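Below, read A as the first sequence line, B as the second, and so on, with proteins coming before strands; counting in each chain starts at 1. What you are looking at is a predicted structure, and each value in this text was computed from that prediction instead of being measured.
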Number of protein chains: 2
Amino acid sequence: MGKRVSHKDSLCGVARPLDAIGDWWSLLIVRDAFDGSRRFGEFQRSLGLAKNILSARLRNLVAHGIMDAVPAAEGGPYQEYELTEKGRGLFLVLAALRQWGEDFFFEPDESHVLLVDKKSALPVRRLELRAQDGRILGPSDTVIRRPSNTPEVETPNRQPPPARRRASKSRAQK
Amino acid sequence: MGKRVSHKDSLCGVARPLDAIGDWWSLLIVRDAFDGSRRFGEFQRSLGLAKNILSARLRNLVAHGIMDAVPAAEGGPYQEYELTEKGRGLFLVLAALRQWGEDFFFEPDESHVLLVDKKSALPVRRLELRAQDGRILGPSDTVIRRPSNTPEVETPNRQPPPARRRASKSRAQK
DNA sequence: GGAATGCGGTTTCAGATTGCAACCATAACC
DNA sequence: GGTTATGGTTGCAATCTGAAACCGCATTCC
């Protein structure tokens with residue numbers, strides 16, 4: 001998880017989320033949460049991962065404000081895990097990932113589950129990235145730009161290797 | 001634990017991509033590739049990761065058909081790495097991740113790079129998931145559904161189930 | 001009441017993975 | 001020939017992973 005760079009100031013808008021999510025299990029947990037899982041045991045059965053790993057991942061998700069641990073609704077001694085607003089913000093990330101998976105990881109004739117609109121029961125539309133004027137944008141239609149108040153350097157968002165030769169020791173979850 | 005996962009089978013649609021990507025480094029490499037990086041050294045300097053790890057990740061990306069290793073354009077003895085069609089399909093995943101990052105990982109007054117439309121030089125619109133009729137869909141407006149009467153448990157390359165032992169963890173190599 | 005069971009974890013520990021550093025190979029330069 | 005730059009591989013210590021065992025607390029069963 002916190003495998004690298006605690007150096008948040010130089011982490012770009014892609015790397016910070018990745019740093020927070022930590023690993024793929026976390027995203028699968030979130031996916032399950034969207035699907036209605038709330039309990040430790042539900043996640044564990046659904047994902048089939050070791051309990052200690054699930055425990056660590058849930059702690060990490062809570063620590064990052066992606067999920068909340070709340071007292072069990074039905075009064076038991078247990079707690080439940082629910083997505084925070086921040087966690088629900090991952091909805092589109094998961095949707096994008098799912099669409100990519102559908103495009104490239106299944107044979108044309110291979111059946112797979114679909115994300116459908118509850119109301120119409122029809123599959124959702126494909127995601128599209130659009131410009132302000134509505135044009136659909138592809139990879140080559142966009143560029144990364146630094147905010148105006150930052151020194152030049154345009155196309156890339158490369159950060160010069162900060163001279164940290166060993167600053168990347170994970171600061172584990174806590 | 002060897003039970004047929006219930007409706008959580010959708011895990012496949014998300015888990016397969018995750019399995020292919022391998023880890024977050026891979027996604028950062030892909031992001032850099034979108035930004036124009038092509039050479040081993042470019043990726044290494046930009047990301048600051050160990051060479052052996054970069055080497056393994058690039059091999060993995062190539063093995064999964066996300067990038068291609070091609071002879072260097074300028075005739076040198078080296079090779080360059082470029083995104084395949086499949087790799088370019090990750091564009092929206094990265095865009096979604098970036099927007100999530102912008103929403104939750106930066107202080108309101110904190111400057112960060114933006115994804116802008118080349119033509120207008122304006123930031124792109126937010127991604128939206130829409131139903132066929134155009135309604136914008138949120139997490140609670142959608143549900144995962146099997147496409148048809150799937151005869152439960154068949155597709156041979158389904159892999160979430162019981163034995164996710166060490167061996168399957170070798171996402172990184174080969 | 002008390003044993004058995006289920007749930008929600010933590011601990012243990014061998015083995016897998018990571019990543020720094022050192023090394024190797026080739027090509028271009030001086 | 002010697003030096004530097006690029007593109008890796010190898011060695012190795014430290015870290016992380018995960019199966020299984022264990023623990024504490026309620027609830028259920030007898």
Touch check for A:Y81, heavy atoms < 4.0 angstrom, all strands: base, sugar-phosphate only, or nothing?
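Here A:Y81 touches the backbone only, sparing every base.
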Sugar-phosphate only, base, or nothing, as touched by A:Q79 at under 4.0 Å among non-hydrogen atoms
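Sugar-phosphate contact only.
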Over how many whole Å does the gap from [X] atom [atom1] to [N] atom [atom2] extend?
{"X": "B:I29", "N": "D:dG8", "atom1": "CD1", "atom2": "P", "result": "12 Å"}
{"X": "B:R38", "N": "D:dG7", "atom1": "CZ", "atom2": "P", "result": "12 Å"}
{"X": "B:L54", "N": "C:dC20", "atom1": "CG", "atom2": "P", "result": "12 Å"}
{"X": "B:F40", "N": "D:dT9", "atom1": "CZ", "atom2": "P", "result": "7 Å"}
{"X": "B:D23", "N": "C:dA16", "atom1": "CG", "atom2": "P", "result": "19 Å"}
{"X": "A:Q44", "N": "C:dT10", "atom1": "CD", "atom2": "C1'", "result": "13 Å"}
{"X": "A:R45", "N": "C:dG9", "atom1": "CZ", "atom2": "P", "result": "13 Å"}
{"X": "A:W25", "N": "D:dA19", "atom1": "CH2", "atom2": "C1'", "result": "13 Å"}

Heavy atoms only: give me the nearest [X]-[Y] pair and the separation to one decimal.
{"X": "A:S140", "Y": "B:K118", "answer": "O-NZ, 3.0 Å"}
{"X": "B:K86", "Y": "B:G65", "answer": "CB-O, 3.5 Å"}
{"X": "A:R39", "Y": "A:A72", "answer": "NH1-CB, 4.1 Å"}

Any [X] side-chain N or O less than 4.0 Å from OP1/OP2 of [N]:
{"X": "B:R39", "N": "D:dT6", "value": "no"}
{"X": "A:R59", "N": "C:dT10", "value": "yes"}
{"X": "A:R57", "N": "D:dT17", "value": "yes"}
{"X": "B:S55", "N": "D:dG8", "value": "no"}

Does NZ or CZ of B:R16 lie under 6.0 Å from the centre of the six-membered ring of A:F106, at an angle within 45° of the ring axis?
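Output yes; distance and angle both within limits.
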B:K51 side chain, from C-beta outward: closest of C:dT10, D:dG7, C:dC20
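Of the options given, the side chain of B:K51 lies nearest D:dG7.
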Classify the angle between the aromatic ring planes of A:W24 and B:W24 as parallel (below 30°), tilted (30 to 60°) or perpendicular (above 60°).
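The arrangement is tilted - the two ring planes meet at 30° to 60°.
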Between B:G41 and A:I53, which has a closest nucleotide on DNA chain D that is more 5'?
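The residue closer to the strand's 5' end, by nearest nucleotide, is B:G41.
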Looking at C:dG6, does its base get a donor-acceptor pair with the side chain of A:Y78 below 3.5 Å?
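Check passes, donor-acceptor contact within cut-off.
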